[in-house]
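Single-structure report; data block below.
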Amino acid sequence: MLKKLSLLLLYLTAFLICLPILLVLLGSLKSTQELMGSLSPILGDANGMVNWSPFPLYPTLNHFYKLLFFTPSFFIVFWNSMKIVFCILAGQLFISLPAAWAFACYSFPLKKPLFTLYIILMLMPFQVTMLSSYLVLDALHMLDTHRGIILPAIFSAYPVFIIYRSFTQIPKSLLEAARTDGAGEFYLFLHIGIPSGSSGILSAFVLGFLEYWSLIEPPLAFLKDKSLWPLSLYLPEISIEQAGMAFTASVITLVPAIFVFIIGQDYLEQGIMSSAVKE
């Protein structure tokens, strides 16, 4: 009986979590007139209560057709998001991996204070560092450019922490045996560290993709030119008359994130488990 109640609670929780996504998907299939009639009390000038039917009265793919074939601004912000995300992840590949390997496998002066500083930086919200970041980017003439969004994120402390935990699971005896056999430090990093820490590496990049794909605050603070905006800032710009386009754009925005999550789900779970293990 207890097991059945637990499963029922689990299914109910899963349904409530998925309900907003289901409503967005169904909303993208509704006609413009139906959406305006339903949403005018909250987004327009009409009075009364919202009357939202669970399923479209007359399902249509017209919004997808208009968005994909007659809305070039959508593709501009879509590729802006792709550029920002993949440049950040590629940069983190060259910065976070060596930094995490050094923290995990080497001893050097001020190692613990420096790692503690990394943790503090990871816990600080964007609002705390926004002003200092703005001044630095202004001095480097990177405001209103994608570089001003990409470069600070490349040096994020969070992927270093996740990957570091995976590297600490590598037995020290394995590294010492490889050194005894004549393996160099770069060989250890390339042929032992990366394969052994692959779960943490991939989980860090999956989490990074999900975070930077929906990035809002840094682009909003540092980008004035709307042609440089990512997809996350495009959606709030859509009005009540284009509610169907908003639902459709939201559905398309979800597709890459869901695809990456499904592909990297197993690695994400393994990486989180390894990051929870104490030294």
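None of the values given here were measured: they were computed from a predicted structure.
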Subject >> No-hydrogen, no-angle side-chain donor-acceptor test under 3.5 Å, Tyr58 and Gln33 >> reply: no

Subject >> Spatial distance of atom CD1 (Ile88) from atom OH (Tyr212) [nearest 0.5 Å] >> reply: 5.5 Å

Original post:
Of the non-hydrogen atoms in Gly200 and Ile162, which two are nearest, and what is the gap between them?
Top reply: O-CG2, 3.5 Å

Subject >> Co-membership, hydrophobic cluster, residues Leu188 and Phe186, 4.5 Å side-chain >> reply: yes

**OP:** Decide side-chain contact (heavy atoms from CB on, under 4.5 Å) for Leu93 and Phe205; before the verdict, give the C-alpha distance in whole Å, the side-chain angles of both, and the deciding distance to 0.1 Å.
**Re:** CA-CA 9 Å; Leu93 180 67; Phe205 285 110; 3.9 Å; yes

Original post:
Which heavy atom in Leu223 sits nearest to a heavy atom in Pro230, and how many Å separate them?
Top reply: CD1-CD, 4.4 Å

**OP:** Check the pair Ser214 / Phe209 against side-chain contact (heavy atoms from CB on, under 4.5 Å), numbers first and verdict last.
**Re:** CA-CA 9 Å; Ser214 57; Phe209 182 92; over 6 Å; no

**OP:** May I ask you to test the Phe103-Lys111 pair for a side-chain heavy-atom distance under 4.5 Å?
**Re:** yes

Subject >> Under 3.5 Å side-chain donor-acceptor pair for Asn62 and Thr60 >> reply: no

**OP:** Would you indicate whether the side-chain heavy atoms of Leu207 and Phe261 approach each other to under 4.5 Å?
**Re:** no

**OP:** Identify whether Ile149 and Phe126 are in the same connected component of the hydrophobic contact network (ILVMFWY, side-chain heavy atoms under 4.5 Å).
**Re:** yes

Original post:
Roughly how far, to the nearest 0.5 Å, is CG of Leu10 from CG of Leu5?
Top reply: 12.5 Å

Original post:
Hey, is the main chain of Lys224 close enough, under 3.5 Å, to the side chain of Asp144 for a donor-acceptor pair?
Top reply: yes

Subject >> Side-chain heavy-atom pair Leu68, Phe75 within 4.5 angstrom cut-off >> reply: yes

Original post:
Side-chain contact, heavy-atom cut-off 4.5 Å: Thr32 with His63?
Top reply: yes

Subject >> Nearest heavy atoms of Val160 and Ala100, plus distance in Å >> reply: O-CB, 3.6 Å

Subject >> Verify same cluster id: Leu254, Leu215 (apolar side-chain graph, 4.5 Å) >> reply: no

Original post:
If every non-hydrogen atom of Pro152 is compared with every non-hydrogen atom of Leu137, which pair is closest and at what distance?
Top reply: CG-CD2, 4.3 Å

Subject >> Ile163 and Leu97, any side-chain heavy atoms less than 4.5 Å apart >> reply: yes

**OP:** Decide if the gap between the ring center of Tyr65 and the ring center of Phe70 is smaller than 6.0 angstrom.
**Re:** yes

Original post:
Can you tell me how far the CG atom of Leu121 sits from the OG1 atom of Thr129, to the nearest 0.5 Å?
Top reply: 9.0 Å

Original post:
Hey, does the side chain of Thr71 reach the backbone of Lys66 with a donor-acceptor pair shorter than 3.5 angstrom?
Top reply: yes

Subject >> Hydrophobic cluster membership, Leu23 vs Ile17, 4.5 Å side-chain cutoff >> reply: no

Original post:
Quick one: does Gln92's side chain get under 4.5 Å of Ser156's, heavy atoms only?
Top reply: yes

Original post:
Does the gap between the ring centers of Phe78 and Tyr234 come in under 6.0 Å?
Top reply: no

Original post:
Would Ser196 and Phe167 count as a side-chain contact (heavy atoms from CB on, under 4.5 Å) if you check the C-alpha gap in whole Å, the side-chain angles of each, and the deciding distance to 0.1 Å?
Top reply: CA-CA 7 Å; Ser196 300; Phe167 284 157; over 6 Å; no

**OP:** List in chain and number order the residues that pass side-chain contact (heavy atoms from CB on, under 4.5 Å) with Tyr106, two or more places apart in sequence or in another chain; answer none if no residue qualifies.
**Re:** Trp101, Ala102, Phe108, Arg179, Glu185

Subject >> Side-chain touch Ile194/Ile201, heavy atoms, less than 4.5 angstrom >> reply: yes

Original post:
Taking atom CG of Leu143 and atom CG of Asp138, what is their separation to the nearest 0.5 Å?
Top reply: 5.0 Å

**OP:** Search all heavy atoms of Ile150 against all heavy atoms of Lys83 and return the closest pair with its distance.
**Re:** CD1-O, 4.5 Å

**OP:** Identify the residue among Val24, Leu67, Ile21 that makes a side-chain contact (heavy atoms from CB on, under 4.5 Å) with Val251.
**Re:** Val24

Subject >> Close side-chain approach of Ser28 and Phe64, heavy atoms under 4.5 Å >> reply: yes

**OP:** Hey, could you give me the CG/CG distance between Leu12 and Leu16, rounded to the nearest 0.5 Å?
**Re:** 4.5 Å

Subject >> Intermediate values then yes/no, ring pair (Phe, Tyr, Trp, His ring centres under 6.0 Å), Tyr164 and Phe115 >> reply: CA-CA 10 Å; Tyr164 160 81; Phe115 188 75; 4.5 Å; yes

Original post:
If only atom types and distance count, is the side chain of Asp181 paired as donor or acceptor with the main-chain N or O of Ala183 below 3.5 Å?
Top reply: no

Original post:
Can you hop from Met130 to Met142 via hydrophobic side chains spaced under 4.5 Å?
Top reply: yes

**OP:** Evaluate the side-chain contact (heavy atoms from CB on, under 4.5 Å) criterion for residues Leu231 and Trp213: first the C-alpha distance (whole Å), next the side-chain angles of each, then the deciding distance (0.1 Å), finally the verdict.
**Re:** CA-CA 8 Å; Leu231 191 56; Trp213 183 253; 4.1 Å; yes

Original post:
Is the number of heavy atoms from other residues, nucleotides or ligands within 6.0 Å of NZ (Lys172) greater than 12?
Top reply: yes

**OP:** Might you point out which heavy atoms bring Met124 and Val128 nearest each other, and give the distance in Å?
**Re:** CE-CG1, 3.3 Å

Original post:
Rounded to the nearest 0.5 Å, how far does OG1 of Thr145 lie from CG of Leu228?
Top reply: 8.0 Å

